[in-house]
Amino acid sequence: MTIFAPVCFGCRLGRVAPRILYKMMNYQPTEIEARWQAYWAQHKTFAADNHSDKPKYYVLDMFPYPSGAGLHVGHPLGYIASDIYARFKRHQGFNVLHPMGYDSFGLPAEQYAIQTGQHPSITTQANIDRYRTQLDQLGFSFDWDREVRTSDPAYYRWTQWIFSELFQSWYDLDTDKAQPINLLIDRIASEGNAGVHAAGAEMAPACSASDWAGFSPAQKEELLQHYRMTYLAETEVNWCPALGTVLANDEVINGRSERGGHPVVRKKMLQWSMRIAAYAQRLLDGLAQLDWPQPLKDAQTNWIGRSQGAQVIFHTLPSDYLKETYPIEVFTTRPDTIFGVSFMTLAPEHPLVDLLTSPDQRGAVQEYVAATAQRSERDRMADVKRISGVFTGAYVAHPFTQEPIPVWIGDYVLAGYGTGAVMAVPCGDQRDWDFAQHFSLPIPNIFKEVDVSTAAYESKDGVVIDSSDFLTGLDYKSALKAAIAAIESRGLGQGKINYRLRDAVFSRQRYWGEPFPVFYRNGVPELVNHAHLPVVLPEVKQYLPTPTGEPPLGNATHWAWDTVQNRVVANELIDQKTVFPLELNTMPGWAGSSFYFLRYMDPKNTAALADEEVMKYWGQVDLYIGGSEHATGHLLYARFWTMFLYDRGFIPQEHFAQKLINQGMITGTSAFVYRLEDNKTFVSKGLIGDRPVTPIHVDVSMVNASDALDIDAFKAWRPEYAQAVFELENGVYYTGREVEKMSKSKYNVVSPDEVCATYGADALRLYEMFLGPLEQSKPWNTAGITGTLGFLKKLWRLYSDGTQCLVDESTPSAASLKTLHKTIQKVTEDVTQFSFNTSVSSFMICVNELAQQGCKARSVLEPLAVLVSPYAPHIAEELWQMMGHNGSIAHVPFPVFDPAMVAESEKEYPISFNGKTKFTLSLSLDTPKDEVEAVVMAHPKTLEYLGGATPKKVIVVPGKIVNIVL
RNA sequence: GCCUUGGUGGCGGAAUUGGUAGACGCGCUGGAUUCAAAAUCCAGUUCUUCGGAGUGUGGGUUCGAUUCCCACCCAAGGUACCA
């Protein structure tokens with residue numbers, strides 16, 4: 001792609017001058033783009049106004065984590081789409097909020113700090129600078145004055161503020177929303193907690209008003225911890241020894257850490273948790289109101305995992321070693337099968353296991369429990385099919401028949417779900433069936449005319465309950481109803497809904513995250529007052545956990561809160577009496593990203609998260625674009641925090657983003673050379689035949705569009721290839737191609753920097769859109785970009801012959817107007833529906849047609865420039881200026897489609913053949929008419945069916961069926 | 001296993017409510033221009049034994065199916081002992 005060969009054979013001096021002219025007259029993307037990017041920055045062309053009479057529109061991208069690797073061409077896909085939409089909305093007269101920022105707390109910067117000793121903020125700043133440069137060169141219309149960074153103390157002050165508010169709230173099930181904790185305290189102080197219905201507080205001990213009055217601060221806090229929206233709890237967590245931290249469920253993939261792929265084990269630790277489970281039902285219900293992709297909604301629905309059933313109490317039968325009766329609660333979704341119970345299984349971690357175990361079984365049970373505890377999550381998942389368990393020696397009574405039922409423990413029952421105990425119905429549940437089969441337990445059949453000798457019958461359809469007392473003869477639905485009614489009326493339990501969604505662990509043993517605004521006075525957690533936030537990260541000597549296993553903040557000589565001076569005390573001498581240790585953990589990555597969309601509205605506000613009026617004005621995010629990988633992480637947490645802030649009246653919206661689009665991934669197209677066993681001969685792809693070859697990734701920049709390898713570049717690539725021998729096809733080495741994820745190790749990464757330098761940002765933007773539907777994943781192939789570059793050159797030539805602007809005041813031809821308005825119609829439709837790929841095609845067709853028509857008319861070329869502007873903003877600005885305008889094209893009204901300009905007008909004329917079938921004839925006419933004489937031709941197969949022949953001349957009328965006799 | 005999305009030329013992908021499949025671009029072929037290249041322009045490009053065949057496979061509905069229905073196969077992503 002060299003346009004100016006500096007020297008060429010036979011080049012005469014006389015040709016130098018024309019070549020300079022050539023430079024002047026042609027489309028010069030790099031020069032144009034740099035100039036307009038500077039203009040936009042200088043004039044703040046895209047600054048959004050917080051107080052405007054215009055209608056607002058909020059277009060948001062998921063902000064990036066600024067990684068050291070920089071951007072590759074796949075990253076900006078969503079940003080380009082959102083930018084097109086934001087620019088389109090500005091042309092339509094909206095006050096558009098289109099901000100960008102950085103999710104700048106994170107593990108990579110910390111790990112780099114551990115290795116080099118460099119403070120993570122330095123790495124982070126360098127990465128942000130690089131990101132900014134890369135983003136700027138793509139010509140995005142961000143309002144950079146609103147930039148936020150989650151690692152900025154001025155920002156995380158508000159992360160800490162939200163944490164404080166969560167701490168000072170509880171979830172009231174009576175009003176079904178979060179409430180200030182003071183309301184609860186007042187109520188307990190006056191009437192105790194007996195009548196309080198709070199989410200997650202099932203285990204809270206009973207506390208009367210007088211109990212409360214006698215409580216010490218520590219006792220009060222202990223009780224309140226059962227209610228707070230964020231609370232300390234001894235929880236089984238995903239502990240990653242290699243990273244030295246706990247991970248949330250969504251950060252664990254197949255028993256390994258999402259980042260780094262290190263093994264993860266279960267461990268009990270005292271951690272801060274977020275009571276997201278309180279919102280399970282609302283998070284589920286709210287999905288209906290959101291215009292989000294169905295797969296994403298499904299992912300959240302599955303993650304929340306609502307299941308409806310019943311909680312049933314089984315009582316233990318007394319025996320020699322078990323004198324008393326103990327209740328064991330189970331959760332089941334199939335209470336209709338309760339008469340099929342033949343045993344009960346407890347999770348090995350179930351609190352009653354120890355108590356229930358008989359002396360005979362004690363050895364076996366203890367061995368089993370210990371063995372299960374040692375197995376990592378990964379081991380447990382690796383051999384899901386292995387059946388294991390032990391009999392406890394205890395029996396419970398069947399709640400209806402009073403038959404004795406043996407109690408087993410087995411690791412297929414999870415401690416964390418439901419009650420950690422199941423009533424096993426082998427005939428209706430495959431896992432129970434397998435367990436029964438393995439341990440030769442009975443498999444009673446309670447289904448009519450169903451064979452359960454080889455497998456359980458899990459279907460709910462077409463089932464008739466048998467041998468089940470009052471349920472016999474009922475189908476699934478009526479049996480379910482009757483069973484729950486009986487369970488409730490006899491006091492054996494109640495109908496219940498269970499969620500898979502668990503409260504989220506909120507503590508991380510990391511340095512590079514938000515500190516908690518929490519200190520411990522005599523071991524009791526207390527908040528740092530709002531007025532004194534932020535609690536700023538201390539300097540530490542190293543970023544690893546301390547030798548005693550404390551989180552990295554423990555490396556600060558002191559990390560404490562001075563309750564007299566109201567300030568952080570770090571690395572200095574302290575007065576022990578008024579200074580108390582601060583929380584050593586930091587917050588997880590998702591904290592800062594769960595409300596950033598609010599902060600963009602009013603990023604410099606120091607008095608509040610954002611001004612109330614401003615929040616009312618901007619409201620919800622109208623369009624949110626980002627990857628689907630955040631379905632069960634960021635997008636769920638952000639919904640949770642938004643609902644919480646809404647409940648407490650801090651923000652006016654319960655849902656933060658109305659419409660969401662998941663952009664697809666742009667994959668890389670890797671290239672391979674094939675080496676023979678002699679280790680130096682490389683065979684062109686077509687010549688391999690049956691010979692054994694080793695495919696080797698080669699850098700995609702050395703391969704051209706027809707898969708031919710640049711042999712010289714390849715030899716120079718690595719010293720060991722310098723002496724390589726090639727078997728060529730017709731003098732060319734053809735490489736193999738494969739579509740893979742873009743990655744350095746696969747040598748298929750294409751940087752937007754190079755692409756912009758060679759083809760320009762406009763060509764890149766158009767090409768990324770042209771590649772295919774936004775939501776679909778599609779492979780990158782740099783060669784194809786010549787298509788959109790060619791379009792831009794043609795567009796340029798429409799306006800300029802190099803020396804002067806060609807646009808004149810002539811009256812456009814009807815054909816040119818038709819071309820223009822067809823394009824206006826198509827592009828408006830496409831943008832509205834986010835199908836950006838097809839509008840690029842429309843642009844190409846439009847420019848080709850106008851060029852053929854020799855159109856020079858201002859009344860066509862001006863609207864065309866506006867039309868193109870969202871997609872290719874730099875060239876549009878340049879053309880706009882060339883046509884004599886001052887200032888930016890960015891706020892010029894978008895052209896409006898005029899049907900009259902499209903010479904054809906379509907009307908529908910209903911007809912029928914031989915009175916048999918109705919057809920609709922769509923006629924395109926230069927001028928619409930009420931009566932048209934048309935020549936009707938029919939599809940040959942239609943004629944065969946009708947038994948006639950066309951063409952026939954007929955008069956057709958819109959709105960009236962005309963019968964054509966064949 | 002379950003959920004979701006998709007399967008159309010050599011490639012990325014188009015195709016209103018069912019109505020001429022393959023728009024647009026890449027790549028390829030031929031031509032113009034050039035001392036030569038680059039760039040640009042023009043023409044052609046689903047396959048074909050020239051009868052036809054053809055939108056993953058097999059059925060169905062229909063005068064007519066890429067589009068609607070049923071069954072299956074394949075690929076990608078998510079999720080997984082959730083009782």
Side-chain angles (χ1 to χ4, degrees), chain A residues 1-5 8-11 22 26 253-254 293-299 301-303 305-307 309 330-334 337 345 347 380-381 383-387 410-414 416-425 428-432 434-435 498-502 628-629 631-632 662 664-665 667 669 704-707 737 739 766-767 770-773 775-788 790-791 793-794 797 829 835 837-845 848 906 913 916-917 919-922 937-947:
Chain A
M1 251 311 294
T2 314
I3 299 173
F4 310 107
C8 50
F9 297 108
C11 181
Y22 182 77
N26 279 281
I253 291 162
N254 290 330
Q294 196 55 44
L296 195 149
K297 288 187 178 185
D298 291 343
T301 304
N302 290 337
W303 191 259
R306 178 192 153 107
S307 52
V330 300
F331 175 72
T332 175
T333 54
R334 295 293 301 276
T337 62
T345 316
R380 240 163 121 163
M381 285 201 297
D383 47 14
V384 164
K385 290 283 162 279
R386 202 185 77 184
I387 295 158
D411 68 0
Y412 80 95
V413 178
L414 304 177
Y417 183 78
T419 60
V422 300
M423 57 175 228
V425 183
D429 183 289
Q430 192 55 47
R431 291 156 310 173
D432 295 344
D434 292 339
F435 196 87
N498 239 307
Y499 300 92
R500 202 189 78 120
L501 182 71
R502 238 64 64 71
S628 57
E629 67 272 20
T632 53
N662 291 130
M665 202 178 22
T667 48
T669 310
N704 77 3
S706 39
D707 300 351
R737 290 287 202 165
V739 170
L766 283 167
Y767 186 53
F770 182 68
L771 230 37
E775 307 199 50
Q776 205 170 293
S777 93
K778 54 242 158 189
W780 178 265
N781 176 13
T782 305
I785 199 172
T786 52
T788 53
F791 156 73
K793 288 178 176 173
K794 282 182 200 170
R797 282 201 299 273
E829 212 176 273
S835 56
N837 54 329
T838 47
S839 42
V840 180
S841 297
S842 307
F843 287 140
M844 289 173 172
I845 295 166
N848 282 338
E906 290 211 346
F913 290 102
K916 271 188 181 173
T917 316
F919 291 84
T920 306
L921 189 65
S922 275
M937 290 193 280
H939 192 273
K941 284 191 176 162
T942 309
L943 292 172
E944 197 182 307
Y945 161 70
L946 296 165

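Naming: A, B, ... by sequence-line order, numbering from 1 per chain.
When rounded to the nearest whole Å, the span between CD of A:Gln430 and P of B:C2 equals 13 Å. Computed from coordinates, the A:Glu629 CD to B:A76 C1' distance equals 15 Å when rounded to whole Å. Rounded to an integer number of Å, the gap from A:Met665 CE to B:G77 P is 7 Å. A straight line from NZ of A:Lys793 to C1' of B:A38 spans 10 Å, rounded to a whole angstrom. In this structure, CD1 of A:Ile845 is placed 14 Å from C1' of B:G22, rounded to the nearest angstrom. Between the CG atom of A:Leu771 and the P atom of B:G25 there is a distance of 15 Å, given to the nearest Å. Whole-Å rounding puts the A:Phe331 CZ to B:C82 P distance at 12 Å. When the C1' atom of B:U79 is taken as reference, atom CG of A:Leu414 falls 14 Å away, rounded to whole Å.
With B:C81, B:U40, B:A14 as the choices, the nucleotide that has an atom nearest any side-chain atom of A:Asp411 turns out to be B:C81. Nearest nucleotide to the A:Lys794 side chain, out of B:U4, B:C41, B:A83: B:C41. Of the candidates B:C26, B:C3, B:A83, the closest approach to any side-chain atom of A:Thr786 belongs to B:C26. Relative to the side chain of A:Lys778, the nucleotides B:U5, B:G12, B:C3 differ in distance, and B:G12 lies closest. In this structure, the nucleotide among B:G25, B:U4, B:A83 sitting nearest to the side chain of A:Asn848 is B:G25. Of the listed nucleotides (B:A83, B:C24, B:C82), B:C24 has the atom at the smallest distance from the side chain of A:Met844. Considering only side-chain atoms of A:Pro773, the nucleotide from B:C26, B:U5, B:A14 that sits closest is B:A14. Of the listed nucleotides (B:C24, B:G13, B:A83), B:G13 has the atom at the smallest distance from the side chain of A:Asn837. The listed nucleotides are B:A15, B:C24, B:A83; the one nearest the side chain of A:Thr838 is B:A15. Between B:U79, B:G12, B:U4, one nucleotide has an atom nearer to the side chain of A:Asp298 than all others, and that is B:U4.
Residue A:Gln776 is classed as a sugar-phosphate contact, given heavy-atom separations below 4.0 Å to backbone atoms only. Nucleic acid contact for A:Arg797: sugar-phosphate only, since backbone atoms but no base atoms lie under 4.0 Å from a heavy atom of the residue. At the heavy-atom level, A:Ser628 lies nowhere under 4.0 Å from the strands shown. At the heavy-atom level, A:Pro293 lies nowhere under 4.0 Å from the strands shown. Contacts of A:Lys297 with the nucleic acid, taken as non-hydrogen atoms under 4.0 Å apart, are absent.
Applying the 90° criterion around 0 to the glycosidic angle, B:G52 comes out anti. B:G51 takes the syn form, because its glycosidic angle lies no more than 90° either side of 0.
Closest approach of A:Thr669 and A:Pro779 over heavy atoms only: OG1-CB, 3.9 Å. Here the closest non-hydrogen pair linking A:Gly420 and A:Val413 is O-CG1, 3.5 Å. The shortest non-hydrogen separation linking A:Val840 to A:Thr788 is CG1-CG2, 4.3 Å. Counting all heavy atoms, side chain and backbone alike, A:Gly410 lies closest to A:Thr345 at N-CG2, 3.4 Å.
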### Check against side chain to side chain contact (heavy atoms under 4.5 Å, CB included), A:Met423 and A:Thr337
CA-CA 10 Å; A:Met423 57 175 228; A:Thr337 62; 4.2 Å; yes
### Message
Under the criterion side chain to side chain contact (heavy atoms under 4.5 Å, CB included), I'd like the reasoning laid out for A:Tyr417 against A:Ser307: C-alpha separation, chi angles, the key distance, then a yes or no.
### Response
CA-CA 11 Å; A:Tyr417 183 78; A:Ser307 52; 2.7 Å; yes
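Annotation: B:A75 and B:A15 have their C1' atoms spaced 24 Å apart (nearest Å). Remark: the separation of the P atoms in B:U66 and B:G22 is 12 Å, to the nearest Å. The gap from the P atom of B:G44 to that of B:G25 amounts to 13 Å, rounded to the nearest Å. B:U8 sits 4 Å from B:U55 when the C1' atoms are compared, rounded to a whole Å. B:C68 and B:C26 have their C1' atoms separated by 34 Å, given to the nearest Å. For the P atoms, the distance from B:C28 to B:U17 is 37 Å, rounded to whole Å. Taking the C1' atoms as reference points, B:U5 lies 25 Å from B:G54, given to the whole Å. With P as the reference atom, B:U48 and B:C41 are 30 Å apart, rounded to whole Å.
Sequence order on RNA chain B of the closest nucleotides to A:Gln294 and A:Tyr767 puts A:Gln294 first from the 5' end. Toward the 5' end of RNA chain B, the nearer of the two residues A:Gly784 and A:Pro779, judged by each one's closest nucleotide, is A:Pro779.
A:Asn848 places a side-chain heavy atom less than 4.5 Å from the side chain of A:Lys794. Contact annotation: the side chain of A:Val422 approaches that of A:Tyr412 to within less than 4.5 Å [non-hydrogen atoms, C-beta and beyond]. Counting heavy atoms from C-beta on, the side chains of A:Asn837 and A:Leu771 never come closer than 4.5 Å.
Taking 4.0 angstrom as the limit, A:Arg500 places none of its side-chain polar atoms (N or O) nearer than this to OP1 or OP2 of B:A83.
With a 3.5 Å limit on both pairing distances and Watson-Crick or G-U wobble geometry required, the stems of 3 or more pairs in RNA chain B span B:1-7 with B:73-79, B:10-12 with B:24-26, B:27-32 with B:40-45, B:56-60 with B:68-72.
In this structure, A:Trp780 has its ring center closer than 6.0 angstrom to the ring center of A:Tyr767.
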